[in-house]
Amino acid sequence: MDHEADAMRTDLMTLTRYVLNEQSKHPESTGDYTILLAHIVLGCKFVCSAVNKAGLASLVGLAGDTNIQGEEQKKMDVLSNEVFVKALVSSHRTCILVSEEDEEATFVDPALRGRYCVVFDPLDGSSNIDCGVSIGTIFGIYMVDDPNNISLNDVLQPGKNMVAAGYCMYGSSCTLVLSSGNGVNGFTLDPSLGEFILTHPDIKIPPKGKIYSVNEGNAKNWDNPTAKYVEKCKYPTDGPPKSLRYIGSMVADIHRTLLYGGIFLYPADQKNPNGKLRVLYEVFPMSFLIEKAGGQAFTGKIRALDLIPEHIHARSPVFLGSCDDVEELKELYAAEKANA
Ligand code: AHM
Ligand code: MG
């Protein structure tokens, strides 16, 4: 019998155990981060279960404006937002919450405050729900010194100041990918145990990939460097062309990019000079993970994690992925700037 494989099956590294192990390496730690994560995980499990039922509900005709009790059914993104906000507030470890779903930031009641600020997109890609495509929750975490002395500036911070970031993908399996600053790890939900199990330890993005990922429908409005880069992906002079894979659901596109390598592009275009993706809760957490896995994240001008968002829902173009692939794109932007 293969004892190592057997040990893996019976000695499961759950997310809780993993975080506690990490915590024990820092005797000065308070355990607050572990508690915060437990509440994020609860939100992810709830949304995972709701998303799974969403398919069934629409198939049997339960979805729509009302459910069988005659109550109004909440849209899945609104429901997910409520679940995360309630879980985060009741953790007693947060002070500011920024959600894609809420126009304004939430300042937690002073009696319930802790030191963490959480920025999140509770259900990114939710327009894909009805066709069963993978969607996900994206989150980033900042920390403040004094929860009783906070302002919006505590979250209008460059992404490099985040202490942790992650996403949970609701797909054929439910996978949570997390970096608390050192490395990137992936955990898959075992539905029978209700626990996330470490399945992708220490994820490293390959230095170069064979895939590019972009919405080519916007090509006529791209700037020169993006257009040139995509042209090179299709008609390279020095090797085989790259494959195009675009799901249109950021969590799924970034998950593939992390595991297989390559590049994900959401550039600016003439119609949207800041691109589409939101800095705080889409660009930053994904850039944080990609960098911690050894890749690069670039805005077309600067390192993505150096951006300072002007407001909580600010947008930015972003290019994320394997180190060499992003480097090639950066060279095209540098050449364009030099010729301007
Ligand atoms: P959403 O926050 O409204 O769901 O939009 C974000 C999504 C991302 O998941 C994805 O990368 C992008 O929009 C796709 O945009 P497009 O349809 O323009 O290609
Ligand atoms: Mg989104």
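Any value given below was found using the heavy atoms of this structure, including those in side chains, with hydrogens, waters and symmetry copies removed. Order of appearance sets the numbers: ligands from 1, and atoms from 1 within every ligand. All residue numbers refer to positions in the sequence shown, counting from 1.
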Short side-chain donor-acceptor distance under 3.5 Å, R256 and S213: yes
Output every pair passing salt bridge (charged side-chain N to carboxylate O under 4.0 Å, His left out) with a member in residues 173-192, not counting sequence neighbours, ordered by first then second residue. none
Are E101 and K75 within salt-bridge range, i.e. N to O under 4.0 Å? no
Between E22 and K25, does at least one N-O distance fall below 4.0 Å, as a salt bridge requires? yes
is_close_aromatic(Y212, Y229), centroid dist under 6.0 Å: no
What residues sit with at least one heavy atom under 4.0 Å from ligand 1? E100, D121, D124, G125, S126, N215, Y246, G248, S249, M250, F264, Y266, K276, E282
Please determine if K337 forms a cation-pi arrangement with Y333, meaning its NZ or CZ atom is less than 6.0 Å from the six-membered ring centre and no more than 45° off the ring axis. no
Using a cut-off of 6.0 Å, state whether more than 12 heavy atoms not belonging to D145 lie near its atom CG. no
Quick one: how many protein N/O/S atoms are under 2.8 Å away from the Mg ion (ligand 2)? 4
Following the transitive rule for hydrophobic clusters with a side-chain heavy-atom cut-off under 4.5 Å over Ile, Leu, Val, Met, Phe, Trp and Tyr, establish whether I290 and L176 coincide in one cluster. no
Could you tell me which residues satisfy side-chain hydrogen bond (donor to acceptor under 3.5 Å, both in side chains) with S24, sequence neighbours excluded, listed by chain and number? none
